Amino acid sequence: MISLLTLTLALLSSEPSVLWGEAARLEAAGRPEEGAALLKPLAQRQPKDYDLQMRVAWLYFQAKRYEIAERHYLRALEVSPTAWDAKEGLAWSQYHQNQREAATRTLESLAQDHPENLDRALRLATLHAQMQAHPEAERRYRRALALDGAHEAAQTGLAWSLYHQGKRKAASQAVNALARLQPKSYTGSMKLAWLHFEMKAYHDAEEHYRAALAQSLASEDARLGLAWSLYYQGEEGEAGDLFKGLLAQRPKDNSVLQGYQLTHPPWYWTVELGGTNHDYGKHPDVTSGFSGKASLAVTNRNWVFQGSFQRDQFHYEPRSFNWNDTEASDVEQGTFYLGLGYNKPRFGLKLDGTYVSSNYLDPSPRAVAVTSRWSTLGSLFLTLAMIQVDDLPITSERLHWSFPLTARLVIDLGATATQDLDGANLLWYDATATMHQGPISFFAGGGAGEHRNAFEPPSFYSLSGLMRWRGTSGVKLWIAQTYFASAFFEMAEFETDDDTPWSEAHTIMWTGGAIGATFATQ
């Protein structure tokens, strides 16, 4: 609302200077629309006053009332049809109303009004570039270069207009043409290097940063630019040395710190202890169990070393297949796991080894799996495993696709096929979703499979869930997790020894937790 003072001034005085001064005060106070409303009646009484129409148009433009600003710019053009400022303001008002074709026509009329003016040609090209009309900007920059082939700003603008059209090679050539417009110097090399770097032409940027260092060997800016150019080309070794040298000179420079951390990734040591209690419900053979686990992982950005030991205890009481003569017993099993992985942005390799020591399975099974990873939209894993159980070799292949929908939500799809020499095979399909929200992670998944052997084919279904909480303290990461709802459903039909059909459905529930810590070392 217009203030009482403003209304009083407007009523008691028709002096234009008073109104102009009050409009300026309102504009300075961040109230341009009120200032425009104050001058608008005066502009209606004096439609031939070019400066007044332009002033009202500009105030409405600042208030983002583009349709009203457009009307006043048109009135100013009625007074002065070739006025550059009025046509430029009109073009911007049309652009902000998504009238792109009208804005282009307005700018075209500017070119007709000033055909041989270099400064105007450059300004016109810049307006097209600012309005993201890059093909037209390219044409206008080439027109400016036709007027002055050694104009540095025109050549730079041409390079950017080409880059924004996806013409990377032509843009790089346009930047290199700048080198012919100026003598070799540190400043010139740094400018060319920066342009190439911003246009993601990192090899060309490297060359110009090296040229700048030849002019000034002590330049920290040139070494920093060279380090990033090398990093983005995959030359992490030399880039890391440059970042390390700069770290002593610029210990608080975020760009240096980030580059050093990327090229010298810290090692994370994670120790975790956990246990799980099993309730097998109506399982025909196993009634209860408990598993304890200890694990150690040493990782950085490229390497993964993992090891774990798990001790399982189950109460085994066989009651199916007329095996009633078998005594109940407590089954114990120890499982050792070692894993080694190497990951790059588009390739990864992982080797896994498992050894199981058990008083239930003898001789002990062994497994070695090779995992390769390709990174496309998500991550694709292929695992091949060879397992030996009771002198019976088993082969297993698993295909696993991980797709990040967002930074916090990841969907995993997998399929596994397992076969032994007796012809028994298992097909298993699963899907999981993982979501991270602050220190809490949620996991939910399920799967279905079919096991074919000498009996009728049983089917398996599973549903599971997990919630994990992470709290941080310095370099420590504490983990606590709970299996809050995890169930396994089995529906099977077998022929028992006395030819009596047997079918059973049962649920396995287990709950557990773990606590651990992660320590970072450089």
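Just so we're clear, the structure is a prediction, and the values are computed from it rather than from any experiment.
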If only side-chain N and O atoms count, and only distance matters, is there a donor-acceptor pair under 3.5 Å linking [Y] with [X]?
X: His203; Y: Glu207; answer: yes
X: Gln165; Y: His134; answer: no
X: Thr106; Y: Gln94; answer: yes
X: Gln62; Y: Glu27; answer: yes
X: Gln249; Y: Arg223; answer: yes

Can you name the ring pair (Phe, Tyr, Trp, His ring centres under 6.0 Å) partners of Tyr50, sequence neighbours left out?
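Checked Tyr50 against ring pair (Phe, Tyr, Trp, His ring centres under 6.0 Å); zero matches.
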Tyr95 and Trp92 aromatic ring geometry - parallel, tilted or perpendicular at 30°/60° bounds:
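Aromatic pair Trp92/Tyr95 classed perpendicular.
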Using 30° and 60° as the class boundaries, would you call the ring planes of His72 and Tyr60 parallel, tilted or perpendicular?
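Taking Tyr60 first and then His72, their aromatic rings lie parallel (interplane angle under 30°).
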Are [X] and [Y] within salt-bridge range, i.e. N to O under 4.0 Å?
X: Lys191; Y: Glu152; answer: yes
X: Lys64; Y: Glu33; answer: no
X: Arg65; Y: Glu67; answer: yes
X: Lys48; Y: Glu78; answer: no

Considering the options Tyr232, Trp228, Tyr209, which one meets the side-chain contact (heavy atoms from CB on, under 4.5 Å) requirement together with Tyr202?
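The single option meeting the side-chain contact (heavy atoms from CB on, under 4.5 Å) with Tyr202 is Tyr232.
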Contact between [X] and [Y] at the side-chain level, heavy atoms closer than 4.5 Å - yes or no?
X: Leu224; Y: Val256; answer: yes
X: Val298; Y: Trp267; answer: yes
X: Ser295; Y: Glu272; answer: yes
X: Glu108; Y: Glu136; answer: yes

Verify, without hydrogens or angle tests, whether Gln233 (side chain) and Ser229 (backbone) share a donor-acceptor contact under 3.5 angstrom.
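Confirmed, Gln233 side chain pairs with Ser229 backbone.
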Evaluate the criterion salt bridge (charged side-chain N to carboxylate O under 4.0 Å, His left out) for residue pair Asp221 and Arg250; output intermediate values, then yes/no.
CA-CA 11 Å; Asp221 291 334; Arg250 297 185 175 184; 2.6 Å; yes
Give, for atom [atom1] of [X] and atom [atom2] of [Y], the distance between the pair rounded to the nearest 0.5 Å.
X: Glu220; Y: Leu213; atom1: CD; atom2: CG; value: 11.0 Å
X: Asp51; Y: Trp58; atom1: CG; atom2: CH2; value: 15.5 Å
X: Gln155; Y: Asn176; atom1: CD; atom2: CG; value: 10.0 Å

Counting only heavy atoms not in Tyr186 (residues, nucleotides, ligands), do more than 12 fall under 6.0 Å from its OH?
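Result for OH/Tyr186: enclosed.
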Please enumerate all residues that pass side-chain hydrogen bond (donor to acceptor under 3.5 Å, both in side chains) together with Tyr429, with sequence neighbours excluded.
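For Tyr429 there are no side-chain hydrogen bond (donor to acceptor under 3.5 Å, both in side chains) partners, ignoring immediate neighbours.
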The test is salt bridge (charged side-chain N to carboxylate O under 4.0 Å, His left out); show your working for Arg31 and Glu22 and say whether it passes.
CA-CA 11 Å; Arg31 297 152 62 186; Glu22 183 62 19; over 6 Å; no
